[in-house]
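Data first, discussion second: the structure below is written as structure tokens.
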Amino acid sequence: MPIIFCRRSFISLALLLGFSTQAHAGDPAEGATVYYEHGCYSCHGYNGTGRTPLANNVSGIMVDEGVFIRFLRQRADRNPILPNNSMPNFGVEALSDEQAKDVYAYIKTLVDDPPEIEEIPTFVKILDAAKANGPDNARSN
Ligand code: HEC
């Protein structure tokens, strides 16, 4: 059946081309913009060290782009009636696959590496002032 063969080949070719034109390497710089414009930072912190931390590659969801994108897309489907989560669903109309790949690449760059206390002059001054006041000077009321 040459016709079926041709049709199959055509479909395979179309799928192949479709996939290859959709291939997009995530760009962390673009992803930073997505992270801020879509409000990810409001729950996950400016550098991924917020309430639900993402920095230092701690999330299993970040294992690969595909898992991450499905996580973004299927949140509403998983808990449609009584969601036990507070992260919104990000459908393709809100966040394209390209944007999702960009933000994925950006999250991969996030590092939680706070400075030592001694490296923060203002904090050192506060500690010194507290020590100078000492427990003897603590207010009794
Ligand atoms: C309103 C708060 C909120 C916003 C906005 C938000 N998230 Fe989340 N996110 C959460 C919460 C809460 C969790 C963990 C619990 C859950 O799954 O609901 C989570 C989990 C995650 C995880 C998995 C973390 C883990 O523990 O494995 C990733 C990755 C993630 N969010 C990425 C994003 C990205 C990217 C955006 C922006 C496009 C975003 N989040 C916006 C609240 C938020």
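For ligands, and for the atoms within them, numbers begin at 1 and follow the listed sequence. Worth knowing before you read on, the calculation uses all heavy atoms, side chains too, and leaves out hydrogens, waters and symmetry mates.
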TODO: Mark the output for Ile107 as yes if a heavy-atom distance to ligand 1 is under 4.0 Å, and as no if none is.
DONE: yes
Open item on the list: Is there a side-chain contact between Val111 and Asn56 in this structure, where contact means two heavy atoms from C-beta onward sitting under 4.5 Å apart?
Closed with: yes
Task: Enumerated ligand 1 atoms positioned under 4.0 Å from heavy atoms of Cys40 - done: 34 (C), 35 (C), 36 (C), 37 (C), 38 (C), 39 (C), 41 (C)
- [ ] Check His44 and report its N/O/S atom nearest to atom 8 (Fe) of ligand 1, by atom name.
- [x] NE2
Open item on the list: Tell me if a side-chain donor or acceptor on Tyr36 pairs with a main-chain N or O of Tyr46 at a distance below 3.5 Å.
Closed with: yes
Open item on the list: Determine whether a donor-acceptor pair (N or O, by modelled atom type, separation under 3.5 Å) exists between the side chain of Tyr106 and the backbone of Glu30.
Closed with: no
Task: Under 4.0 Å to a heavy atom of Gly39 - the qualifying atoms of ligand 1, by number - done: 5 (C)
Open item on the list: Side chain, backbone, both or neither: which applies to Pro88 and ligand 1 if a contact is any heavy-atom pair less than 4.0 Å apart?
Closed with: side chain
Task: Distance in Å, Asp64 CG paired with Ile69 CD1, rounded so as to fall on 0.5 Å steps - done: 9.0 Å
Task: Residue portion contacting ligand 1 (non-hydrogen atoms closer than 4.0 Å) for Leu54 - done: side chain
TODO: Identify, by atom number and element, the atoms of ligand 1 in contact range of Ser59, meaning under 4.0 Å from any of its heavy atoms.
DONE: 23 (C), 24 (C), 25 (C), 27 (O)
- [ ] Answer yes or no: is there a donor N or O on one side and an acceptor on the other, between the side chain of Asp102 and the main chain of Asp27, under 3.5 Å?
- [x] yes
Task: Cationic N near anionic O, under 4.0 Å, Arg73 to Asp97 - done: yes
Open item on the list: Is there a polar contact between ligand 1 and Thr52, counting only N or O atoms under 3.5 Å apart?
Closed with: no
- [ ] State whether the side chain of His44 and the backbone N or O of Gly50 hold a donor-acceptor pair below 3.5 Å, judged by distance alone.
- [x] no
Task: 4.0 Å heavy-atom contact, Tyr35 with ligand 1 - done: no
